[in-house]
Novice: 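Could you have a look at this structure, given as structure tokens, before my questions?
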Amino acid sequence: MAGTIKAIRGMKDILPPETGRWQLIEQVAREVFDLYGYQEMRLPLLERTELFARSIGADTDIVAKEMYTFADRHGESLTLRPEATAQVVRAVLENRLERGFWVKKYYTIGPMFRYERPQKGRYRQFHQINCEALGTDAPELDAEVIFLLVDILGRLKIEQVRLLINSLGCPECQVDFKARLSLFLAAKEGWCDDCRRRRDTNPLRVLDCKSQRCQELLRPAPMMRDCLCEACAGHYARVLELLGRAGVAFEEQPRLVRGLDYYTRTAFEVAAVGLGSQDAVAGGGRYNGLARDLGGPDLPGLGFAIGEDRLVEILPPDCGQGRQEKIFLAALGTAAREVALALLQELRQQGLAGEMDFDDRSLKAQMSLADRLGATYTVILGDQELAQGQATLRHMATGEQEQVPLPDLAPRLLKR
Ligand code: HAM
């Protein structure tokens, strides 16, 4: 007989009770997005390959090695989205949402796909909560987007995190920086194979190399902040000032670069203590040229994505455990089960969760079931109780029991 079929490497089932933690994260994120004026977009998982090649950059790891790309039945090249920013901007432009007088604020939640080497915290299907704001280059918006991110993490009681921030400048600053960096990289030997290639194709990527040897060689490398034009330096200083005024703790990280080419000016990451090598729980920044690169008008914007798979790992253990209050109805016999079923429906209508046994188990077995399901109260309904129009109400933690007339049961339980 053929063996059972397993999930694809790097793609995992998210199962209960862990799903409760995912639901909590998303619920809190939605509440915060709502407070800041963001609306949800639900976007396709598949896009034309060209969308990502043109936005993320052909020389990035994502586009060069990590995309799930295939030809559909008509030979069109499609890609499972590796990230959402490009498609949010695509959707804004396609649906003419950029028109109007106000900043456009969207969020989107869902799976992304990258063919990376799977390890703890790194998957081939992973999940992001994405935030994107478009329509102004004002540093106040950068500050607000970061406040929003910090707000979500704070409400989820995520404390052991560092906010790392840098400015990547505008394309003009980047030309200057890339020239200086290229000279520096060319003058040194000892780079890893990847970096020797990146020196020519995309020198900024070298700054992001994970090899310790390359990081040591990079120590005296030129810094972006020394190449910022006046306008970019002013923008960056203002963002830091606004964060400082609001009491948001941050660390300037002059070597911070991002794995996607569309970033300009502000770039940031949130690193979590205790997550090992894959410690970035969120990353983002400005992308003032992205809409134009995708054929649209000048539409400055910025945003971030939270990696949900990583966030769930650092969520306090008692979070997202679901409903605490639950009733169990232990019914003995067909008539009692019928009464129990009706009573359960009444309780549920009023917002109280409950369960019952359908399989005619003994009272002892039902009590142990109630225990295992974590019921706070068990209602025992037997023939004798029914004949007297009563039920036994048992408090599971203390073992206390009392007789309650049937019509009083729902109001009694609801009062607690
Ligand atoms: P990113 O830094 O590539 O940025 O991804 C954001 C977050 O997604 C990371 O910090 C990490 O938590 C999570 N993540 C990325 N790859 C994986 C993976 N293979 N397994 C598990 N988690 C992963 C972006 O995607 C940008 N689109 C963010 C953005 C939005 N920038 C502006 N707006």
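One-based numbering, in listed order, for ligands and for the atoms of each.
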Novice: Report the nearest protein non-hydrogen atom to atom 33 (N) of ligand 1: residue, atom name, distance rounded to 0.1 Å.
Specialist: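 Protein heavy atom with the smallest distance to atom 33 (N) of ligand 1: E132 OE1, 2.8 Å.
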Novice: Tell me: protein heavy atom nearest atom 19 (N) of ligand 1, and distance?
Specialist: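 Residue, atom and distance for the closest contact: E116 OE2, 2.7 Å.
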Novice: List every atom of ligand 1 that sits less than 4.0 Å from any heavy atom of G121, numbering the atoms from 1 in the order shown and giving each element.
Specialist: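 In order of number, 20 (N), 21 (C), 22 (N).
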Novice: Which protein heavy atom lies closest to atom 9 (C) of ligand 1, and at what distance to 0.1 Å?
Specialist: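 Looking at atom 9 (C) of ligand 1, the protein heavy atom closest to it is A280 O, 4.0 Å.
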Novice: Which of the listed options, Y263, Y123, Y115, holds the heavy atom that is closest to atom 29 (C) of ligand 1?
Specialist: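 Closest candidate by heavy-atom distance is Y263.
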Novice: Sort and list the pairs that fulfil side chain to side chain donor-acceptor pair (under 3.5 Å) and have at least one residue in residues 278-287, not counting sequence neighbours.
Specialist: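 Every pair satisfying side chain to side chain donor-acceptor pair (under 3.5 Å) with a residue in residues 278-287: E132-Y287, D137-R286, D142-R286, Q278-R310, R286-N288.
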Novice: Counting each atom of ligand 1 from 1 as listed, which ones have a heavy atom of N130 under 4.0 Å away?
Specialist: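 Close to N130: 30 (C).
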Novice: Using side chain to side chain contact (heavy atoms under 4.5 Å, CB included), reason through M224 and S167 one step at a time and then give a plain yes or no.
Specialist: CA-CA 7 Å; M224 186 71 219; S167 174; 5.8 Å; no
Novice: Where does L260 meet ligand 1, judged by heavy-atom distances below 4.0 Å: at the side chain, the backbone, both, or neither?
Specialist: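 The answer is the side chain.
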Novice: Go through the steps for L148 and Y38 under the test side chain to side chain contact (heavy atoms under 4.5 Å, CB included), then give the verdict.
Specialist: CA-CA 10 Å; L148 192 163; Y38 284 75; 3.2 Å; yes
Novice: If the cut-off is 4.0 Å to any non-hydrogen atom of T85, which atoms of ligand 1 fall inside it?
Specialist: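 Those atoms are 26 (C), 27 (N), 29 (C), 30 (C), 31 (N), 32 (C), 33 (N).
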Novice: Evaluate side chain to side chain contact (heavy atoms under 4.5 Å, CB included) for D151 paired with Y36, printing each intermediate quantity in order.
Specialist: CA-CA 10 Å; D151 206 343; Y36 286 72; 2.8 Å; yes
Novice: Any chance you could lay out the salt bridge (charged side-chain N to carboxylate O under 4.0 Å, His left out) test for K120 and E313, step after step, and finish with the verdict?
Specialist: CA-CA 10 Å; K120 186 173 162 23; E313 291 286 325; 3.3 Å; yes
Novice: Treating R348 as the side-chain partner and G354 as the backbone partner, does any N or O pair qualify as donor plus acceptor under 3.5 Å?
Specialist: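 Answer holds: yes.
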Novice: Just distances here: any N/O of E269 and N/O of ligand 1 closer than 3.5 Å?
Specialist: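 No, there is no polar N/O contact under 3.5 Å.
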Novice: Give a yes/no on ligand 1: does G259 have at least one heavy atom closer than 4.0 angstrom to it?
Specialist: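 G259 does not count as a contact of ligand 1 under the 4.0 Å cut-off.
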Novice: Here's a test for you: under salt bridge (charged side-chain N to carboxylate O under 4.0 Å, His left out), which of D261, D194, D200, D59 qualifies with R205?
Specialist: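 Going through D261, D194, D200, D59 one by one, the salt bridge (charged side-chain N to carboxylate O under 4.0 Å, His left out) with R205 is satisfied by D261 alone.
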Novice: For ligand 1, indicate whether the residue Y262 contacts it via side chain, backbone, both or neither (heavy-atom separation under 4.0 Å).
Specialist: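 Just the side chain.
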Novice: List every atom of ligand 1 that sits less than 4.0 Å from any heavy atom of G283, numbering the atoms from 1 in the order shown and giving each element.
Specialist: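 Every atom of ligand 1 under 4.0 Å from some heavy atom of G283: 10 (O), 28 (C), 29 (C).
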Novice: With heavy-atom distances below 4.0 Å as the criterion, list the atoms of ligand 1 near F304.
Specialist: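 In order of number, 29 (C), 30 (C), 32 (C), 33 (N).
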Novice: Please write down residue, atom name and distance for the protein heavy atom closest to atom 13 (C) of ligand 1.
Specialist: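 Of every protein heavy atom, G307 CA, 3.6 Å lies nearest to atom 13 (C) of ligand 1.
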Novice: In terms of atom number and element, which parts of ligand 1 are under 4.0 angstrom from non-hydrogen atoms of A282?
Specialist: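 Reading through ligand 1 atom by atom, the close ones are 10 (O).
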Novice: Under 4.0 Å from a heavy atom of V281: which atoms of ligand 1 are those, numbered in the order shown and with their elements?
Specialist: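 Every atom of ligand 1 under 4.0 Å from some heavy atom of V281: 10 (O), 12 (O).
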Novice: Among all protein heavy atoms in this structure, tell me which lies nearest to atom 23 (C) of ligand 1, with the distance rounded to 0.1 Å.
Specialist: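 Atom 23 (C) of ligand 1 sits closest to the protein heavy atom F126 CD1, 3.3 Å.
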Novice: Nearest heavy atom to atom 3 (O) of ligand 1 wins, so pick from Q128, R114, R258, E83.
Specialist: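 Ranked by closest heavy atom to atom 3 (O) of ligand 1, first place is R114.
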Novice: Taking 4.0 angstrom as the limit and counting only heavy atoms of A305, give me the atoms of ligand 1 inside it, by number and element.
Specialist: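 It comes down to these atoms of ligand 1: 6 (C), 7 (C), 28 (C), 29 (C), 30 (C).
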